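Below you'll find the structure, written out as structure tokens, and then a few comments.
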Amino acid sequence: MPADSTNFFEKIFDVVKQVPYGRVTSYGAIASFLGAARSARMVGWAMNGCPGDLPAHRVVNRVGLLSGKHHFEGTNLMQQLLENEGIEVDDNKIVDFKKYFWDPAKELDF
DNA sequence: AACGTGACACAGC
DNA sequence: AGCTGTGCCACGT
């Protein structure tokens, strides 16, 4: 079965959906995990076409900054969702990001 | 086909 | 994790 472009997107969605409650991951981690180490932008772009059932609020940039909050409804929804999961967020930024960071390449085993 | 844009990352200051 | 510049891939115009 050859790999379609769609497969890349599906993988991204699949990984994000598998992110455990109270955890977050980064675009770069996903990109690297999928073999597109330097193409984190593609991951972010993929989110642009996210199906909607995707917990995109658990996906942030490498410093834990809610770079995509602007794409959510309102202005604080993304932060509220994360805080609701027990993640400390301060000014659109995750506190102790490293502590909440969930690496698919380590935690997940493909 | 070229240029600009984007939910990023890394190297350099 | 603070700012700037460059590289990356895909898409819209």
Side-chain angles (χ1 to χ4, degrees):
Chain A
M1 213 21 206
D4 298 345
S5 317
T6 1
N7 189 308
F8 188 71
F9 275 53
E10 287 301 311
K11 276 197 153 196
I12 295 172
F13 303 145
D14 199 30
V15 172
V16 177
K17 285 182 195 172
Q18 290 174 67
V19 176
Y21 183 93
R23 295 283 182 149
V24 289
T25 190
S26 67
Y27 300 94
I30 298 172
S32 180
F33 177 61
L34 299 181
R38 306 300 180 212
S39 305
R41 290 199 137 163
M42 206 170 63
V43 178
W45 194 89
M47 294 289 99
N48 223 335
C50 78
D53 61 327
L54 193 72
H57 59 272
R58 288 185 187 151
V59 186
V60 296
N61 69 358
R62 73 174 171 95
V63 300
L65 184 66
L66 311 189
S67 36
K69 76 162 285 168
H70 208 308
H71 291 257
F72 278 77
E73 295 182 30
T75 51
N76 303 45
L77 180 60
M78 189 171 184
Q79 178 170 331
Q80 294 301 122
L81 287 168
L82 290 169
E83 292 185 324
N84 185 272
E85 298 195 357
I87 299 174
E88 298 177 72
V89 180
D90 177 58
D91 191 26
N92 308 321
K93 210 163 45 209
I94 296 177
V95 181
D96 293 321
F97 172 61
K98 216 172 193 170
K99 185 166 63 178
Y100 298 110
F101 182 56
W102 180 83
D103 188 347
K106 294 178 188 278
E107 306 302 320
L108 206 58
D109 187 48
F110 269 79

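Predicted model, so just to flag it, every value in this text is computed and none were measured. Here is the naming used below: chain letters follow the sequence lines, and residue numbers restart at 1 for every chain.
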Quick one: [X] [atom1] to [N] [atom2], roughly how many Å, whole number?
X	N	atom1	atom2	answer
A:F97	B:dA9	CZ	C1'	12 Å
A:F101	C:dA1	CZ	C1'	15 Å
A:L81	B:dA7	CG	C1'	15 Å
A:R62	C:dG2	CZ	C1'	11 Å

ask   = Does A:R58 pair with A:E85 as a salt bridge, N-O distance under 4.0 Å?
value = yes
Any idea which of [options] is nearest the [X] side chain?
X	options	value
A:R38	C:dA10, C:dG2, B:dC10	B:dC10
A:W45	B:dA7, B:dG6, B:dA9	B:dG6
A:K93	C:dA10, B:dA9, C:dG2	C:dG2

request  = Quick one: sort the A:F101 and A:F97 rings into parallel, tilted or perpendicular, breaks at 30° and 60°.
outcome  = tilted
Base, sugar-phosphate, or nothing for [X], non-hydrogen atoms under 4.0 angstrom?
X	value
A:A36	nothing
A:N48	base
A:M47	base

query = Okay, side chain of A:N61, backbone of A:L65: is any donor-acceptor separation there less than 3.5 Å?
reply = yes
ask   = Hey, are A:D14 and A:Q18 close enough side-chain-wise for a donor-acceptor pair under 3.5 Å?
value = yes
